[in-house]
Amino acid sequence: KKVFLAATKMAGPFRTQETYAHMFREVFEPIMDRFRIPTRNQAFLMEFYVHGLQAVVLKWIENDCEEPLEQISAVMVQCVRGGTQ
């Protein structure tokens, strides 16, 4: 909990922006290209997913991690894939 919260509040020392940029370039951009997501929309979609998934984790932490990790993982997968579980 402490590391995640620190990384989200102090992105500089944890170099999270560099990590996201690298992942975007090397992993997500090729996937979005393959699915023909317009280049002009790709950065917006990534921001949505990164911050949305981060919000799920923050809510989980806010609830003192009461829910099992498997449940939170399933929620995150559901957010990305769509549909119900």
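Just so it is clear, the model here is predicted, and its values are computed rather than measured.
Closest approach of Val57 and Met76 over heavy atoms only: CG2-CE, 3.9 Å.
At a threshold of 4.5 Å between side-chain heavy atoms, the hydrophobic network of Ile, Leu, Val, Met, Phe, Trp and Tyr places Phe44 and Leu53 in two separate groups.
Going from atom NE2 of His51 over to atom CG of Leu58 covers 11.0 Å, rounded to the nearest 0.5 Å. Taking CE of Met46 as the reference point, atom CG of Asn41 lies at 13.5 Å (rounded to 0.5 Å). Interatomic distance, CG of Asp33 versus OG1 of Thr39, reported as 5.5 Å (0.5 Å rounding). For the atom pair Gln78 CD and Gln71 CD, the distance stands at 10.5 Å (nearest 0.5 Å).
His22 and Glu26 form no side-chain donor-acceptor contact under 3.5 Å, judged by distance and modelled atom types alone.
At distances below 3.5 Å, not a single donor-acceptor pair connects side-chain atoms of Trp60 with backbone N or O atoms of Ile72.
The number of heavy atoms from other shown groups lying within 6.0 Å of CZ (Arg25) is above 12.
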Problem - Residues Phe24, Met32; criterion side-chain contact (heavy atoms from CB on, under 4.5 Å); working and verdict - result: CA-CA 10 Å; Phe24 178 76; Met32 288 190 281; 3.4 Å; yes

